[in-house]
Undergrad: 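Following this message is one structure expressed as structure tokens.
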Amino acid sequence: MSDMPADLLAHADAAKGFMPADEGALLHRVAVERAAHGPVLEVGTYCGKSAIYLGAAVRQARRSGSPATVAFTVDHHRGSEENQAGWEHHDASLVDPESGLMDTLPVFRRTIQRAGLEGEVVALVGRSTTLSAHWRTPLSLLFIDGGHAEEHAHNDYSGWASWVMPGGYLVIHDVFERPEDGGQAPYHVWQRALAGGAFAEVGTVGSMRVLRRDSGDAGDPVG
Ligand code: SAH
Ligand code: MG
């Protein structure tokens with residue numbers, strides 16, 4: 001069971017997004033384990049639902065003596081292909097009427113403010129590849145839940161996974177082994193991570209996979 005404080009759990013439940021409670025509980029649990037060692041980073045903020053689980057873990061780690069730890073969350077806030085008008089996961093209430101573009105940033109801010117986690121969760125607004133190209137900080141945990149097209153999912157792995165520190169976790173969401181259950185790109189990224197030899201699987205709930213980096217230095221290529 002999750003040891004998330006009840007108020008934060010209620011905020012996570014109420015938030016708009018794509019994170020089942022049992023998978024969120026696993027994300028929270030592994031983030032609590034690691035957050036004392038360095039920042040955690042999520043790719044795929046959307047409206048901040050999963051970020052609440054990460055922010056809760058950061059708060060816990062800070063109270064246990066790691067005041068500098070933080071959760072970063074990366075998104076351009078324009079939605080993935082599957083979020084656009086006419087697609088399966090479109091939500092018309094998230095369209096900015098002036099530009100006609102998706103804009104999840106205001107909802108994210110509201111979600112995190114309501115949860116009281118503005119100090120723990122920091123938004124990085126931009127493309128994953130733009131941000132990862134300049135990233136230089138070892139991560140205690142990387143959560144990949146961004147675009148599910150092959151190109152984007154693999155870019156997220158190529159751009160960020162090498163920053164997972166030894167002993168750190170790589171968490172991948174929406175891993176479906178059977179095509180009839182969902183898109184295959186996160187599954188392919190999961191296979192790639194295991195084939196590279198730097199990561200080994202340590203846990204799974206639903207479509208969430210938790211891998212641990214066993215050796216090497218953060219920043220070294222991971223395959
Ligand atoms: N973790 C969220 C769900 C994320 S949905 C939750 O708990 O509900 C995937 C998100 O990835 C979308 O908000 C989309 O805008 C973002 N995204 C897709 N491709 C991206 C890219 N190349 N760079 C940055 N963000 C991207
Ligand atoms: Mg997901």
Side-chain angles (χ1 to χ4, degrees), residues 4 8-9 11-28 30-31 40-57 71-85 87-91 93-96 99 101-112 115 117 121-135 141-161 170-176 181-190 204-210:
M4 278 263 287
L8 291 180
L9 204 49
H11 283 288
D13 284 342
K16 195 190 278 283
F18 308 103
M19 185 50 56
D22 57 344
E23 300 178 26
L26 175 63
L27 182 64
H28 172 257
V30 295
V40 313
L41 186 140
E42 162 179 79
V43 184
T45 314
Y46 195 58
C47 298
K49 193 179 184 75
S50 47
I52 294 178
Y53 292 97
L54 297 175
F72 293 110
T73 181
V74 168
D75 204 307
H76 50 41
H77 287 280
R78 296 300 187 201
S80 303
E81 281 84 345
E82 59 271 26
N83 303 129
Q84 306 303 321
W87 290 69
E88 187 187 350
H89 294 290
H90 182 61
D91 178 340
S93 75
L94 296 173
V95 175
D96 167 13
S99 64
L101 301 173
M102 290 268 306
D103 185 5
T104 47
L105 185 56
V107 182
F108 161 77
R109 278 187 78 90
R110 178 61 64 198
T111 301
I112 296 302
L117 290 171
V121 178
V122 173
L124 303 178
V125 181
R127 281 188 200 158
S128 174
T129 47
T130 305
L131 291 160
S132 66
H134 296 277
W135 192 262
L141 181 148
L142 168 65
F143 177 46
I144 297 185
D145 193 21
H148 287 359
E150 292 283 348
E151 179 197 354
H152 298 304
H154 280 279
N155 282 342
D156 291 342
Y157 183 81
S158 309
W160 297 102
L170 167 64
V171 185
I172 308 174
H173 198 225
D174 302 306
V175 173
F176 298 110
D181 295 332
Q184 295 289 280
Y187 174 56
H188 294 151
V189 167
W190 172 77
T204 174
V205 168
S207 72
M208 183 95 81
R209 299 286 180 277
V210 182

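Heavy atoms only: backbone and side chains are in, while hydrogens, waters and symmetry mates are out. Indexing begins at 1, ligand by ligand and atom by atom, following the structure's order.
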Undergrad: Counting from 1, what ligand 1 atoms have a heavy atom of Gly17 closer than 4.0 Å?
TA: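 So the answer, numbered in order with elements, is 8 (O).
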
Undergrad: Can you tell me which portion of His76 lies within the under-4.0 Å heavy-atom range of ligand 1? Options are side chain, backbone, both, or neither.
TA: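 Looking at His76 and ligand 1, atoms from backbone and side chain both fall under 4.0 Å.
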
Undergrad: Can you sort out the partners of Asp96 under side-chain hydrogen bond (donor to acceptor under 3.5 Å, both in side chains), two or more places apart, ordered by chain and number?
TA: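 With sequence neighbours excluded, Asp96 shows a side-chain hydrogen bond (donor to acceptor under 3.5 Å, both in side chains) to Ser99, given in chain and number order.
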
Undergrad: Would you mind listing which atoms of ligand 1 come within a distance below 4.0 Å of any non-hydrogen atom of Gly147?
TA: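 Those atoms are 11 (O), 17 (N), 18 (C), 19 (N).
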
Undergrad: Hey, is ligand 1 close enough to Gly79 that some N/O pair sits below 3.5 Å?
TA: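 Checking ligand 1 against Gly79, an N or O pair does fall under 3.5 Å apart.
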
Undergrad: Which atoms from ligand 1 have a heavy atom of Gly126 less than 4.0 Å away?
TA: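 The atoms of ligand 1 under 4.0 Å from a heavy atom of Gly126 are 24 (C).
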
Undergrad: What protein heavy atom lies closest to atom 7 (O) of ligand 1? Include the residue and the distance to one decimal.
TA: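 I find the closest protein heavy atom is Ser50 OG, 2.8 Å.
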
Undergrad: Side-chain contact, heavy-atom cut-off 4.5 Å: Met208 with Met19?
TA: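 Side-chain contact under 4.5 Å: yes.
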
Undergrad: Heavy-atom distances under 4.0 Å decide this one: backbone, side chain, both or neither, for Asp156 against ligand 1?
TA: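 No part of Asp156 is near ligand 1 at this cut-off.
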
Undergrad: Look at the aromatic rings of His89 and Phe18 and report parallel, tilted or perpendicular, splitting at 30° and 60°.
TA: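 Rings of His89 and Phe18: perpendicular, over 60°.
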
Undergrad: Name the closest protein heavy atom to atom 22 (N) of ligand 1, giving the residue it belongs to and the distance to 0.1 Å.
TA: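 Looking only at protein heavy atoms, the one closest to atom 22 (N) of ligand 1 is His152 ND1, 3.5 Å.
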
Undergrad: Where do His173 and Pro186 come nearest, in terms of heavy atoms and distance?
TA: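 So the two residues come closest at O-CB, 3.4 Å.
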
Undergrad: A quick test of your reading: do over 12 heavy atoms of other residues, nucleotides or ligands sit less than 6.0 Å from CZ of Arg78?
TA: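 Correct, the count exceeds 12.
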
Undergrad: Kindly give the heavy-atom pair with the smallest separation between Ala115 and Leu8, and that separation in Å.
TA: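 Closest pair (atom of Ala115, atom of Leu8, distance): O-CD2, 3.4 Å.
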
Undergrad: Who's the nearest protein heavy-atom neighbour of atom 11 (O) of ligand 1, and how far?
TA: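 Among all protein heavy atoms, the one nearest atom 11 (O) of ligand 1 is Gly146 CA, 3.5 Å.
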
Undergrad: When you compare the side chain of Asp91 with that of Tyr46, does any pair of heavy atoms fall below 4.5 Å?
TA: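 Tyr46 reaches Asp91 side chain to side chain.
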
Undergrad: Please could you name the atoms of ligand 1 that Ser80 approaches to less than 4.0 Å, counting only its heavy atoms?
TA: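 Answer, ordered by atom number: 9 (C), 10 (C), 11 (O), 12 (C), 14 (C), 15 (O), 16 (C), 17 (N), 18 (C).
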
Undergrad: Which of the protein's N, O or S atoms come within less than 2.8 Å of the Mg ion (ligand 2), not counting waters?
TA: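 Within the sphere that stays under 2.8 Å of the Mg ion (ligand 2), the protein atoms of type N, O or S are Asp145 OD1, His173 ND1, Asp174 OD2.
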
Undergrad: Please determine whether side chain to side chain contact (heavy atoms under 4.5 Å, CB included) holds for the pair Phe143 and Tyr53, giving the CA-CA distance in whole Å, both sets of side-chain angles, and the decisive distance to 0.1 Å.
TA: CA-CA 11 Å; Phe143 177 46; Tyr53 292 97; over 6 Å; no

Undergrad: For residues His188 and Glu150, is any side-chain donor paired with an opposing acceptor at under 3.5 Å?
TA: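 On atom types as modelled, these side chains qualify, holding a pair under 3.5 Å.
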
Undergrad: To check you understand the geometry: which heavy-atom pair defines the closest contact between Asn83 and His90, and what is its length?
TA: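 Minimum heavy-atom separation between Asn83 and His90: O-ND1, 2.7 Å.
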
Undergrad: Between Thr45 and Thr104, is the side chain to side chain contact (heavy atoms under 4.5 Å, CB included) condition met? List the steps.
TA: CA-CA 9 Å; Thr45 314; Thr104 47; over 6 Å; no

Undergrad: Atoms of ligand 1 less than 4.0 Å from Thr45 heavy atoms?
TA: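 The list of qualifying atoms is 2 (C).
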
Undergrad: Given side chains that start at C-beta, do those of Glu23 and Ser207 come closer than 4.5 Å, heavy atoms only?
TA: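 Contact flag for Glu23/Ser207 side chains = yes.
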
Undergrad: Return the residue, atom name and 0.1 Å-rounded distance of the protein heavy atom closest to atom 23 (N) of ligand 1.
TA: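 Protein heavy atom at minimum distance: Ser128 N, 2.9 Å.
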
Undergrad: What protein heavy atom sits nearest atom 15 (O) of ligand 1, and how far off is it?
TA: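 That would be Asp75 OD1, 2.7 Å.
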
Undergrad: Could you find the nearest protein heavy atom to atom 8 (O) of ligand 1 and give me its residue, atom name and distance?
TA: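 In this structure, atom 8 (O) of ligand 1 has Phe18 N, 2.8 Å as its nearest protein heavy atom.
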
Undergrad: Return the closest protein heavy atom for atom 2 (C) of ligand 1 as residue, atom name and distance.
TA: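 Its nearest protein heavy-atom neighbour is Gly44 O, 3.4 Å.
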
Undergrad: How far apart are the closest heavy atoms of Ser93 and Lys16, and which atoms are they?
TA: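 Scanning both residues completely, I find the closest heavy atoms to be OG-NZ, 3.6 Å.
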
Undergrad: Who's the nearest protein heavy-atom neighbour of atom 9 (C) of ligand 1, and how far?
TA: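 Nearest protein contact, heavy atoms only, for atom 9 (C) of ligand 1 is Asp145 O, 3.4 Å.
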
Undergrad: Report yes if some heavy atom in the side chain of Leu170 is under 4.5 Å from a heavy atom in the side chain of Trp160; otherwise report no.
TA: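 When only atoms from C-beta onward are counted, Trp160 and Leu170 do not touch, as no gap falls below 4.5 Å.
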
Undergrad: Closer than 4.0 Å to some heavy atom of Met19 - which atoms of ligand 1 meet that?
TA: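 Taking each heavy atom of Met19 in turn, ligand 1 has 7 (O) under 4.0 Å.
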
